[in-house]
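To start, the structure under review is shown below, and the notes come after it.
All heavy atoms count here, side chains included; hydrogens, waters and symmetry mates do not. Chain naming here is simple, since letters A, B, ... match the order of the sequence lines and numbering starts at 1 in each.
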Amino acid sequence: VIGKRFHSCCVVVKNMQRCIYAIPSSSVFPRDTISRIEKNSTSSDASLSLRATLHELSSGLKSEVAEKLSDLNVSNFVMTPVKRNYAFERTDVPIGEQYVLKINYPYKDPAVPADLRGDHFHALLGTNNSALELFLIKRKIKGPSWLSISKFVACPSTQRVSWCKFEVTVDSPKDISVLMTSNTLEVPPVVVAAVNLKTIINEKHNVHEIVSASVICCHQVKIDTPMRSEDWQKRGTISHFTVMRKLEGSIFPIGLTKEASDRNQKAGSNVLALESSERALLNRLMIELSKLDCDVLVGHNISGFDLDVLLHRAQTCKVPSSMWSKIGRLRRSVMPRLTKGNTLYGSGASPGIMSCIAGRLLCDTYLCSRDLLREVSYSLTQLAETQLKKDRREVSPHDIPPMFQSAGTLLKLVEYGETDAWLSLELMFHLSVLPLTRQLTNISGNLWGKTLQGARAQRVEYLLLHSFHAKKFIIPDKFAARNKELNSAKRKLNADTEGGNAADGAADPSIDDEVHHGDQGKARKGPSYAGGLVLEPKKGLYDKYILLLDFNSLYPSIIQEFNICFTTVERSSDGNLPNLPTSKASGVLPELLKSLVERRRMVKSWLKTASGLKRQQFDIQQQALKLTANSMYGCLGFSNSRFFAKPLAELITLQGREILQNTVDLVQNNLNLEVIYGDTDSIMIYTGLDDISKAKAIAGKVIQEVNKKYRCLEIDLDGVYKRMLLLKKKKYAAIKVALDGSLRENIERKGLDMVRRDWSLLSKEIGDFCLNQILSGGTCDDVVESIHNSLVQVQAQMKKW
RNA sequence: GCGCGGAGCGA
DNA sequence: ATTACTATGGTCGCTCCGCGC
Ligand SMILES: [Mg+2]
Ligand SMILES: [Mg+2]
């Protein structure tokens with residue numbers, strides 16, 4: 001901090017040590033010897049002698065390892081016998097607690113092959129762990145937070161690796177710790193720069209060339225709470241500029257130069273810079289960006305367009321690396337391969353591009369909107385209209401060259417560019433992207449940048465890495481040899497779903513709630529195990545009260561209820577469905593979920609009494625905790641996940657199906673109520689009553705009966721429907737009555753064509769009209785007539801066209 | 001009815 | 001016109017559309 005401003009600082013951590021584990025043959029630490037000496041070693045000097053004994057026992061192992069390491073040109077290593085747990089999928093590592101040999105040596109030395117074996121050890125784990133991951137896990141760094149950095153030395157400017165304001169070096173990762181007293185420190189603001197490029201198309205090479213770049217910069221952005229527009233738009237905390245260039249072989253239109261200098265003079269800074277070439281434009285842009293030294297780059301489809309164009313043009317125009325690399329915070333000398341994989345639209349920036357902006361976060365509001373909103377289109381124009389209530393003028397690259405004919409139109413172009421940057425920025429605030437992703441990151445302990453990219457699997461991966469590490473587990477390697485099963489099991493499963501699909505041939509999932517929408521692009525793989533049970537709906541129009549009961553967070557609750565974990569469920573090597581655990585000891589996953597649920601409960605209790613920004617902060621935190629708990633199951637069933645455990649995922653969904661079926665049976669057979677539908681974690685009960693309080697009383701009874709069967713699982717009344725049209729599985733609409741006593745009514749539409757974005761507006765509007773009529777409560781004749789009339793009218797209107 | 005491909009809703 | 005998982009991408013269930021047989 002200088003004065004009241006925060007600045008960037010790069011910390012170079014030297015001497016990172018690899019941490020690998022050799023799994024000894026059973027003869028190295030004989031079980032009876034170990035338990036005998038452990039029993040005696042309760043006092044401290046006895047533990048000294050324990051250590052001595054362990055070193056003694058492992059001497060053969062150690063010398064063998066030492067020899068093999070030396071063969072591999074690894075010289076500076078330390079070996080220590082330690083007690084660790086294992087609970088994962090490798091069959092060559094015993095499950096449970098045991099002594100293993102920990103080997104530390106510098107990352108500078110080469111990684112040893114993962115399949116290295118010896119007479120005294122039969123497996124090696126952690127050989128390829130990344131230094132960054134190890135650092136975060138060992139130092140227990142869970143997302144952005146204050147760190148204490150001790151014994152650092154400032155780096156002379158000639159040896160810097162970064163463009164940061166400060167750069168220091170520490171000699172050991174242990175010089176860095178999470179600052180425990182950080183609650184007393186203010187959360188620093190971040191600098192956010194919104195970028196928008198305007199390009200023309202070079203027909204010959206079929207590439208975009210940049211003619212203008214606009215940047216809007218917010219210097220005081222909060223990351224702990226959402227910000228209202230009046231706060232982030234406060235004068236003095238925001239700045240902007242546009243860099244523009246003339247078209248090749250032509251000059252700027254008359255009056256532009258004068259206008260630019262007037263504007264700059266008036267603003268007291270370069271708000272409009274005119275350059276003579278694309279290369280000069282890029283140079284200027286990089287200089288201005290490096291002055292801003294922003295923490296976050298934001299833009300609409302910035303990862304799919306602007307950054308890509310920017311770097312490709314820098315390459316083509318031979319912008320020196322000392323310039324283009326300022327787009328990030330690391331100094332770089334060679335341009336990485338910009339396109340590698342990821343040519344799919346909407347899948348984020350390529351790794352090469354991401355590496356260029358190292359040190360800055362990337363917030364693509366196109367990708368964020370796809371994740372957080374449901375819209376028929378995610379264009380900036382559409383989002384500006386529906387989300388921000390603003391008009392946006394669309395400018396295609398083909399419209400641009402003519403705009404160079406007059407100063408007036410060219411200034412319009414500047415305005416459009418700056419407006420687009422502004423709208424994207426506004427969208428970012430509107431969606432609270434930074435507070436939400438920061439919170440998610442602090443819960444899981446991964447990298448913030450990855451959360452911004454989506455990377456749900458990695459979030460869960462880090463959450464589990466931290467948890468298992470804290471309990472002294474050896475963590476599964478990233479590229480475990482998972483060559484066994486693969487596709488063989490999946491075929492079989494699809495083939496032998498016994499019974500038709502009447503009431504039991506269904507599957508299961510993970511109970512997503514509101515969020516997570518836009519899903520274009522990625523072709524889904526076929527399912528590899530059964531998911532949630534979907535009851536056959538009793539189709540029809542219901543006009544008396546219907547109860548919607550729904551289990552809260554079904555899968556997280558199942559994991560806790562049945563203590564499902566890597567550490568508790570015995571899995572056979574053939575990948576068959578395991579039995580429920582009998583173990584009393586709580587597993588790691590259940591404990592983890594319990595703590596997430598408890599934290600959420602606490603935050604929600606604060607939320608009740610808080611107000612204003614504090615309240616919004618708690619709300620975000622609460623959402624993030626729920627999201628995290630709910631996404632864990634998905635990763636157990638994710639074949640590329642480091643913690644892939646299909647048997648566990650399968651066991652969870654099986655419990656889900658049984659619980660739903662048992663609930664249906666109880667409600668129908670014991671309570672004599674009519675269940676008309678249910679999906680995965682919910683049941684709908686037709687009460688046949690006109691009296692809402694009687695209906696609610698029934699709900700209370702059902703809830704009581706169901707909940708007393710379980711320890712963690714909890715069913716709750718999710719809604720009361722006054723009338724409902726039930727068409728098919730996952731397709732229905734209903735008038736939902738508010739439960740807060742206000743009796744407000746609202747039509748809920750699920751799965752119907754009118755909620756899908758692949759139907760025309762006209763079709764959706766007509767559908768909605770029909771639905772309103774059908775649910776209006778009018779007589780059948782009236783409804784039919786009204787719909788018929790309306791359709792005739794539409795037909796007439798269409799004929800006029 | 002089967003197969004393939006494509007949509008994106010639902011939990 | 002075609003398409004190879006050195007990195008990486010959360011799960012499954014249920015319509016709809018369109019082609020070919
Ligand atoms: Mg639920
Ligand atoms: Mg539900």
Next item on the list: Kindly point out which of A11(B), dT11(C), dT15(C) is positioned nearest to the side chain of Arg756(A)?
Entry: dT15(C)
Check: Atom CG of Asp758(A) and atom C1' of dT15(C): how far apart are they, to the nearest Å?
Finding: 11 Å
Checklist line | Proximity to the side chain of Cys635(A) - top-ranked nucleotide from dG10(C), A11(B), C9(B) | finding: dG10(C)
Margin query: Using atom P in both nucleotides, what's the gap between dT2(C) and G6(B) to the nearest angstrom?
Written below: 15 Å
Check: So, is Lys731(A) near the phosphate of dC16(C), with a side-chain N or O under 4.0 Å from OP1 or OP2?
Finding: yes
Item checked: OP1 or OP2 of dT8(C) under 4.0 Å from side-chain N/O of Lys450(A) -> no
Checklist line | Other residues, nucleotides, ligands: >12 heavy atoms within 6.0 Å of Lys142(A) NZ | finding: yes
Margin query: With salt bridge (Lys or Arg N to Asp or Glu O under 4.0 Å) as the test, pick out the partner of Asp679(A) among Lys750(A), Lys729(A), Lys730(A).
Written below: Lys730(A)
Notebook entry, point to check: Choosing from A11(B), dC12(C), dG10(C), which nucleotide comes nearest the side chain of Pro527(A)?
Noted result: dC12(C)
Next item on the list: Figure out the OH/P separation between Tyr633(A) and A11(B), and round it to whole Å.
Entry: 16 Å
Item checked: dC5(C) to dG9(C) separation - C1' atoms, rounded to the nearest Å -> 11 Å
Notebook entry, point to check: Between the base of G10(B) and the side chain of Asp679(A), is there any donor-acceptor pair under 3.5 Å?
Noted result: no
Checklist line | Between A7(B) and dA1(C) - C1' atom distance, rounded Å | finding: 24 Å
Check: Does Leu367(A) have any side chain to side chain contact (heavy atoms under 4.5 Å, CB included) partners at least two apart in sequence or in another chain, and if so, which?
Finding: Ser303(A), Asp364(A), Arg370(A)
Note to self: Looking at Ser528(A), I'd like to know whether one of its side-chain N or O atoms comes within less than 4.0 Å of OP1 or OP2 on dC12(C).
What the structure shows: yes
Next item on the list: Tell me whether the OP1 or OP2 atom of dG9(C) has a side-chain N or O from Arg459(A) closer than 4.0 Å.
Entry: no
Note to self: It should be established whether Lys729(A) places a side-chain nitrogen or oxygen under 4.0 Å from OP1 or OP2 of nucleotide dC14(C).
What the structure shows: yes
Notebook entry, point to check: Taking atom NZ of Lys108(A) as the centre, does the number of heavy atoms from other residues, nucleotides or ligands within less than 6.0 Å exceed 12?
Noted result: no
Next item on the list: In whole angstrom, give the distance that lies between atom CG of Leu752(A) and atom C1' of C9(B).
Entry: 10 Å
Checklist line | Backbone N/O of Gly328(A) and side chain of Arg360(A): donor-acceptor pair under 3.5 Å | finding: yes
Next item on the list: To the nearest Å, give me how far apart CZ (Arg374(A)) and C1' (A11(B)) are.
Entry: 13 Å
Notebook entry, point to check: Roughly how many Å is it from CD in Gln453(A) to P in dA7(C), rounded to a whole number?
Noted result: 16 Å
Check: With sequence neighbours excluded, what pairs up with Tyr462(A) under the side chain to side chain donor-acceptor pair (under 3.5 Å) test?
Finding: none
Note to self: Angle between ring planes, Phe88(A) versus Phe643(A), binned at 30° and 60°: parallel, tilted or perpendicular?
What the structure shows: perpendicular
Margin query: The side chain of Lys728(A) is closest to which nucleotide in this list: dT15(C), dG10(C), G8(B)?
Written below: dT15(C)
Next item on the list: Look at Arg757(A) and C9(B) and indicate whether a side-chain polar atom (N or O) is within less than 4.0 Å of OP1 or OP2.
Entry: yes
Next item on the list: Would you please confirm or rule out a distance under 4.0 Å between OP1 or OP2 of dT8(C) and any side-chain N or O of Lys478(A)?
Entry: yes
Checklist line | Atom-pair distance (CG on Leu648(A); P on dT11(C)), nearest Å | finding: 16 Å
Notebook entry, point to check: What does Val460(A) touch in the nucleic acid at a heavy-atom separation under 4.0 angstrom: a base, only the sugar-phosphate, or nothing?
Noted result: nothing
Note to self: In whole Å, I'd like the distance from the CG atom of Leu727(A) to the C1' atom of C9(B).
What the structure shows: 14 Å
Checklist line | Residue Val755(A), side-chain heavy atoms: nucleotide from G10(B), G8(B), dC14(C) that is nearest | finding: G10(B)
Check: Can you tell me how far C1' in dA7(C) sits from the matching atom in G3(B), rounded to whole Å?
Finding: 34 Å
Note to self: Whole angstroms only, please: what is the CG-P distance between Asn552(A) and A11(B)?
What the structure shows: 15 Å
Next item on the list: Among the candidates dC12(C), A11(B), dG9(C), find the nucleotide nearest to the side-chain atoms of Ala455(A).
Entry: dG9(C)
